[in-house]
S.K.: 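Below is a structure I'd like to ask you about.
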Amino acid sequence: TAVSEVTLALLDAANDRDPVVQEQVRKSILTLGNQQPDKVLSMCQDYLLKHPKLVVGHRVVILQTIELVVKSRTDDISYPKIKSVIQLASDEMTKSKEVVPEWQQAASNILVAVGNKYINDIMEEILGKFQPGVLPHFFVVQTLANLSDSNVYGMVPFLNAIMGTMLPMLGMTKQDNMKWVFSSALCRFSESILEYLANLDKAPDPTVRKDTFSSEIYSAYDILFNSWIQSRESKLRLTVAEALGSMSHLMAHDKLEEQLPKLLPTILGLYKKNSEHYIITKVKPSSTISLLQEMFGGMVQVISAMAHHGYLELEGGDLLVRFIIQHCALPDTYHVLWPMLLCYLTPNQYASATTPLCKSLILLANKKRAAQESLLSADLKHLLHFLQVNAAFPFRCRGHGAPSLSLLNALSPNIHPKAEPLWENEIPKLLSYLEVFECKFYIISWVLSFFLSFFLSFFLSLSQSFLYRCIGVILQQCYNKELVRKQLQEILISTRHNDAIERTGVAMGIGLCASSHLNGTLEKLEEFGKSDAFRKASGIFGLLKDKNDVDVEKMKSTLILCYGYVALHAPEDQLLTRIDSDILQNISKNFNTKHSLSVCLHLFLCVCLSLIHSVGLIAKAVSQSVRKQGFLFSRKQELMVPQSIKNLTQAFRNLDPPLTENENFDLLKTCLNGVYGLPTVDTPDKAKDEEILYSDTFNALHELLRNLLARDLSPDGLQSVFKHIESWLSSGQDHERERAVKTTAELLQFYLDNLSVKNLVTFHNLGALVGRLAPRCTDPNPEVRRAAIDCIYRLMYIQLRYEGFSLDYKDDSVEGLLDVREKLSNPDHSVLYKTCSELTKIISKRLPQQQLSTLLFMLFDGLVDSQSNCSRASSVILNTLLKNRGAEMLEVLHNRLQVIGEEQVKVAIGQSILILATQHLQTVVNTLVAYPLPYDSWSCEMWMALGADSTLALQIMEMIIEKLNVMVPYVDKKESMLRPGLTKVATSQPLAMTCALREMMLNGQSADAVAYVFPKLFSSLLVRLGSSVGVQLPKDLNSNNICVSLCCVFRVAVEALRILLGRAQLDAVVKPLDQEGAWDKMKDPQQHTTGVTLLSRAMAKHAGPRLPAIVEGLCPSLCNIYECQRITVTAFFSELLNHHVVTELMILDMLMNNMMERITDTCGTVRMLAVRGLGNIAVGSPEKVNKYAKELLAAMSSGMEEKDDPGKLITLEAMSGMSKILLYLDQKNVHLLVVYIFMKIKPFLENENDEIRCASIMLLGNLSKFGSGEPVFKDQIHNVLVSLLLHLSDPNPQVVKACKYSMRICAPIVGSEQISAMFQNHLLEEKGLHYGEFINDLTKYLTGFSFLMSFFLSSGLVMLLQDPDPLVRVKAAEAMGHFH
């Protein structure tokens, strides 16, 4: 019968290598077994008996199938068949004395399934193999255990007898696996008995009692506990322990009490051997509590010891920690934890735990505050000190600053009543700043200055200048005058006056204090100046001993500085009334020139610098005062700045040894800051006095500078002095720039007058000096302009002297500077810039070649001058120099662009680059292309500047396109000797040129040039894009810490192409590409052609008129040696053929010919794209299909026969293309090829690729309309009908749709009107299909056609069970399940 034939075929296929197929075979046999259980079970039994040497896997599948049938249809199976199944399963289970788990477990499962209804028959069979005195088969015991689980009420009545037989066997057992199965069985038996006793109302025998089993259970317990529990096998120990827990519930109470003291320690002791989980909770709880309590303390100690040795970091460590925490989770613990945790906060050994301790203490403190309980601690002072230091250094010890601040906030109510509102407001701010500004110095300053007001006694542990400033801030907020005086006294006597940094810090701190306590501060300073500390005596506060003259002078230096900072910070309404009598008078007393010089010249320098510094601060304070107008300094002459500088000059002349470089630096810095920073004379009624004072001051300064210069009258000596002046040249204050330029002019005149050239020396810093001074020739201040010209004039003559000319030599060009000087009096900008250009010509003429580079660097610095006039003058000078020495200056332009901020200056630089390019185009392009990649922003700006002139931009673009088309885009390199294969590495020049095009097109003024050369640009960039996929940057870029990835090279090409489309006003092309992610697809080597297809589609829709020139430009690349370029262009052309625009533009023939040539390309991807393009003709130009019928059919047939096609992609495109063109081909063009094409299709119907299956099935349907009258074709349709039916349940919905379509088209050829009608009515693409019902109905129709039925089974389903595709085998097995 059909059922027998189908079942037998399924049994043969039951051992399929694919588990999914095996599962479907079982399901199909089960389906048949549910309809005819006795027959199917008989066939399974016969199959096993006829094949005694069947492999184990095959036997297992059949046994599992029998189990499924028995489970589902137990009530419908005849009793004789049940008996035979029991006998079969028993024999299969015990046939091999060796344990073969998979096989014997499958047989055992059958017995368990049958035992749910026929327990007596099962026990009769099993107990026959469970005889006293003989060890049974492993799976006999296992089956008994499983039966006790599945059928409790049926098995418990047998258990007393079973255990009676089993007990003697326990002593005979030596093998661990048998011990394991006996232990497991005893555990199951115990659990079944307990369940039985718990449900006696449902039990068949309610007279069963626990003591019925107690004796046997205790005997078994004795063997398991005393012998088996100590086994080396961990799995056995676990099973024994579990069994003992279950058995203990059935033991007599007295026996259990007797065994507990031994049982629990033994089980707990097992934890030392392994990490297994022993079921101690199965033992009676009431008997274990006291014992466990004794053990808990010891376990905590063990875990603590493990933590010290690092074991908690291993797997399972978290469980031990959780154990501790859970047992600490007792109610109301905070009363205990609050004082206890505080003790662990300050000891040094717990420093790393500060953060978690603070967080815990914060929670506890908040809880105690909510309960209004006191937080006071016995050692609160030490605790607050500790937290304050933590806050001062917040990022140490795992970031303990923030938690320490938060804990202080929580403690604030118990520190001081006023602390709480202040800290509640300020501490959150500090915490937020700590989060944002990690490790910033001023954060620490804020924290200390905030907290030191509460911890004055801890100051001295944090010394130096910073701390004194913090103290000053604190004393500002302190209203206790006595405390302020006391702290000032402590500061002054404890300061290390020999330390310059500390001296300054003390002065700053005292000045800050004076802002709130001016009177007290001045009194304390005067008192300190009169104290014994300034005499050669010892014993002031027991701290200062044997003070010598050096110490006294250093203290005077500190005191002078203090008065300066007091003036700076004093309240404006009090300053002017105290400036003469209290501040200047005391400074004058402490500045004893005669005594200081007699002690030490170096010491005098220190005091003098402090004086100058202090006077500068006083001048600043007075100038800022709102009452400064009309105020008369009665002691102004006693400021003594000019006199002090004169004294310095005198001291400097006689100083031996000379000052060190650092001392020299400090001297000049202090003098210049003190003099140049003086305010201007702005009181007309006192102008004469002011002018005299200022004149004396500047004369003294110039005399000092001349003396310094005289010690080293050389270019280096000049530079060492000038470097202190040059920063003042660009000051934002007019009077400061004027003073600096005039000082420079004085020094240069002195240099020129005293210069004696004896040896050949190069004036190497001429360019630097000219570069700094020349931009000042257009300064807004006319005095600065004139002084600047004087400087240039003198520099030129100094250079002439070094060239060998005599002192009285006059140079005509240099003398021309005098005329320029007169012109600079005119404030008109245009005149100034024109004059500046004339000045540049004179400089250029006299400046040596080697000085040009330095001059340029200085001028580029001038481009960011604070005065816009001067920055523009720098650009004018640069442009003038460019016309003569342009090629040398390109690199310098690049470097200086990096620091220019003013847009007008940047525009001027762009003009400079254009001028240079106009004269030296090839040189400029070559130089810029050679810049290192990736281009920095300033290199990009230079390229953008070249796009501003459309004519020039067009020349550059054509030059780059020509080179891009012939250059090697990448090279193949072996990445590693250890790794096979080659890596594509980009060549630098094409990459650089692509970057250049991108930057030039970013300039909107390049639009005309882009429009003119668009087809060439598009073609070149598209080919470049194809050459960039999967290409890496060169290694010389990797070494610069640049973020390198495979898409970097590609991204440059994409950006250039996007900018090109935007500049050509093709936003309609860019928009869909962005929406569909085309650019990302192009980047991916696997989706590159898809992305190019999207680009081609958008161009065809929105840029049609541009296509002919683009196609013409791309055609040469189809013959290129680089596959990637041929792939990109072929993909672009292929998609163009999908649109009718190519016919309208009359480029169809050109594209068609190119595609036909590419069919024989050496690259498989190119061939696939060519086939696709030829198929697209049917969509884009269907009216042309019959014209090219011969060529198209040949190309598609060739594609389906492609041998070198690993992924069958060419075949897929060929079948898809054939389906397209068949829709438009005439019968005469196809008639003779129908069967030939069909034979090509047939092998692909079962292909594992979804797309190929779908394409082949669609092609079959489209082809059938050409072969409906052919008998041979009808036979072929019958041959594939089974395959089509199987694919109606294909997992791919597209394949199912194609199958429905083809079966409807082929229906008339089948030969049955009923089947044809069924296909037409049920197989609609969008309509759901119940596959099982459809096959059932179809099977009924097939039975009426014996030839179809026989063919369907023999040549169809049975054959398909051997198909290589597991999915086909699954579907065949599924279909066979319906034949019942």
S.K.: Is the shortest distance from a Lys or Arg side-chain nitrogen in R1253 or D1290 to a carboxylate oxygen in the other one below 4.0 Å?
M.R.: yes
S.K.: Under a 3.5 Å cutoff, is there a donor and acceptor pairing between the side chains of N1176 and K1220?
M.R.: yes
S.K.: Do the numbers put K984 on top of the ring of Y970, so that NZ or CZ is under 6.0 Å from the six-membered ring centre and no more than 45° off the axis?
M.R.: yes
S.K.: Counting only heavy atoms from other residues, nucleotides and ligands, does the tally under 6.0 Å from NZ of K1208 exceed 12?
M.R.: yes
S.K.: Quiz question: by atom type and distance under 3.5 Å, do the side chains of R1158 and T1130 form a donor-acceptor pair?
M.R.: no
S.K.: Could you check if a side-chain atom of M1082 sits within less than 4.5 angstrom of a side-chain atom of Q1087, using non-hydrogen atoms only?
M.R.: no
S.K.: About how many Å separate SG of C995 and CD of E1055, when rounded to the nearest 0.5 Å?
M.R.: 8.5 Å
S.K.: Classify the side-chain pair H1139/E1144 by whether it contains a donor and acceptor separated by less than 3.5 Å.
M.R.: no
S.K.: Assess the residue pair M1001 and M957 against the criterion (side chain to side chain contact (heavy atoms under 4.5 Å, CB included)); give the C-alpha distance rounded to whole Å, side-chain angles, the decisive distance to 0.1 Å, and a yes or no.
M.R.: CA-CA 10 Å; M1001 290 188 293; M957 288 178 183; 4.0 Å; yes
S.K.: Indicate yes or no: at least one non-hydrogen side-chain atom of E958 is less than 4.5 angstrom from one of L954.
M.R.: yes
S.K.: Measure the shortest side-chain to side-chain distance between S1197 and M1218 over non-hydrogen atoms and say whether it is less than 4.5 angstrom.
M.R.: yes
S.K.: Taking atom types as modelled, is there a side-chain donor on S1117 or Q1125 under 3.5 Å from an acceptor on the other?
M.R.: no
S.K.: Is a side-chain N or O of S1028 found less than 3.5 angstrom from the main chain of A1053, in a donor-acceptor match?
M.R.: no
S.K.: Measuring from N1292:CG to K1297:NZ, what's the distance to the nearest 0.5 Å?
M.R.: 10.5 Å
S.K.: For F1132 and F1018, take the angle between the two ring planes, folded into 0 to 90°, and tell me which bin it lands in: parallel under 30, tilted 30 to 60, perpendicular over 60.
M.R.: tilted
S.K.: Rounded to the nearest 0.5 Å, what's the gap from CG on L1073 to CZ on R1058? Could you check?
M.R.: 8.5 Å
S.K.: Indicate yes or no: at least one non-hydrogen side-chain atom of L1025 is less than 4.5 angstrom from one of L1021.
M.R.: no
S.K.: Any side-chain to backbone donor/acceptor pair from T987 onto P969? Under 3.5 Å, distance only.
M.R.: yes
S.K.: Are more than 12 heavy atoms from other residues, nucleotides or ligands located less than 6.0 Å from atom CD of E962?
M.R.: no
S.K.: Using a cut-off of 6.0 Å, state whether more than 12 heavy atoms not belonging to Q955 lie near its atom CD.
M.R.: yes
S.K.: Strictly distance-based, threshold 3.5 Å: is any side-chain N or O of S1216 a donor or acceptor partner for the main-chain N or O of L1212?
M.R.: yes
S.K.: Contact between H1140 and E1183 at the side-chain level, heavy atoms closer than 4.5 Å - yes or no?
M.R.: yes
S.K.: Kindly compute the distance separating CG (L1136) from CG (L1148), expressed to the nearest 0.5 Å.
M.R.: 11.0 Å
S.K.: Compare all side-chain heavy atoms of V1023 with those of L964 and state whether any distance is below 4.5 angstrom.
M.R.: no
S.K.: Please say whether more than 12 non-hydrogen atoms of neighbouring residues, nucleotides or ligands are located less than 6.0 Å from OH in Y1122.
M.R.: yes
S.K.: To the nearest 0.5 Å, how far apart are CG in L1057 and CG in L997?
M.R.: 11.5 Å
S.K.: Report the C-alpha separation of D1205 and R1167 in whole Å, then their side-chain angles, then the decisive distance to 0.1 Å, and conclude whether the salt bridge (charged side-chain N to carboxylate O under 4.0 Å, His left out) test is met.
M.R.: CA-CA 10 Å; D1205 185 20; R1167 298 198 299 276; over 6 Å; no
S.K.: Can you tell whether the side chains of D1074 and K1071 come within less than 4.0 Å, N to carboxylate O?
M.R.: no
S.K.: Let me confirm one number: the OG1-CZ distance from T1165 to R1172, rounded to the nearest 0.5 Å.
M.R.: 10.0 Å
